[in-house]
Amino acid sequence: MKTSPPAGWWFEIETSAGNFSARITARGLAELRFPGERAPKATGTDAPPAALIILRTTVAALRAAIAGTPHSKLPPLDWGGATTFQQSVWRELQRIGPGCTRSYGGIAARLRKPGAARAVGAACGANPVPVLVPCHRVLAADGGLGGFSGGLEWKRRLLAAEGVAAAATAK
DNA sequence: GACAGATGAAGGA
DNA sequence: TCCTTCATCTGTC
């Protein structure tokens with residue numbers, strides 16, 4: 001693995017839930033970090049217009065997601081480096097509508113890999129763009145929260161915004 | 001090749 | 001009914 005810094009520009013996005021950090025490349029949104037997470041200093045001042053357009057779409061989609069209102073347009077996503085399995089999981093996540101949930105096993109079954117629920121969980125954990133790729137809509141088979149890269153509190157919060165009453169009994 | 005993980009199901013108390 | 005254990009599948013080192 002190379003140690004060179006990732007390509008793209010970092011932006012800070014203000015929302016009602018705090019300041020998110022986003023890394024945007026020429027190809028799309030590559031990474032999104034929750035408020036409080038460590039992120040490089042914003043470097044977007046010298047970003048090209050194309051990146052700013054992606055940023056604008058990202059901001060709108062992010063704020064809509066936090067408010068629990070369906071967003072019709074997502075920014076292009078830069079999944080460079082992700083495995084095909086991860087990408088198929090993330091694509092499946094994007095098909096889950098607002099207010100709907102699936103189980104890890106359910107996602108695995110839809111990918112024609114019943115039994116790969118644990119691998120789906122791992123792919124969710126590797127999701128670089130939480131919130132917009134709704135890994136928070138994936139619950140454990142028993143209705144429990146399972147896990148979340150940004151913390152269970154965020155998962156519960158995002159689900160609540162969409163009107164989903166999660167079992168909320170984190171193991 | 002070995003190990004770890006955001007699961008799920010089965011069996012026992 | 002709850003708890004523990006094991007099987008399953010994939011990604012990472």
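Just so we're on the same page: letters track the sequence lines, and every chain starts at 1.
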Base, sugar-phosphate alone, or nothing: which one does [X] contact when heavy atoms must sit under 4.0 Å apart?
| X | result |
| --- | --- |
| A:Ser103 | sugar-phosphate |
| A:Ala141 | sugar-phosphate |
| A:Tyr104 | base |
| A:Gly105 | sugar-phosphate |

Once you round it to whole Å, what is the distance between [atom2] of [N] and [atom1] of [X]?
| X | N | atom1 | atom2 | answer |
| --- | --- | --- | --- | --- |
| A:Gln86 | C:dT12 | CD | P | 5 Å |
| A:Arg118 | B:dG5 | CZ | C1' | 5 Å |
| A:Asp142 | B:dA9 | CG | P | 10 Å |
| A:Leu111 | C:dT10 | CG | P | 10 Å |

[X], nearest nucleotide to its side chain (from [options]):
| X | options | result |
| --- | --- | --- |
| A:Phe85 | C:dC9, C:dG11, B:dG8 | C:dG11 |
| A:Ala119 | B:dA9, C:dG11, C:dC9 | C:dC9 |
| A:Ala117 | B:dG8, B:dA6, C:dT10 | B:dG8 |

Checklist entry - Backbone N or O of A:Ala39 within a donor-acceptor pair of the A:Ser21 side chain at under 3.5 Å? => result no
Checklist entry - Would you say the side-chain atoms of A:Glu12 and A:Asn19 include a donor-acceptor pair closer than 3.5 Å? => result yes
Checklist entry - Reckon A:Lys113 has a side-chain N or O less than 4.0 Å from the OP1 or OP2 of C:dT10? => result yes
Next on the checklist: Side-chain N or O of A:Gln87 versus OP1/OP2 of C:dT10: is the shortest distance under 4.0 Å?
Outcome noted: no
Next on the checklist: Taking A:Glu153 first and then A:Lys155, would you say they form a salt bridge - that is, a charged N and a carboxylate O separated by under 4.0 Å?
Outcome noted: no
Item to check | Ring centers of A:Phe148, A:Trp154 separated by less than 6.0 Å | outcome: no
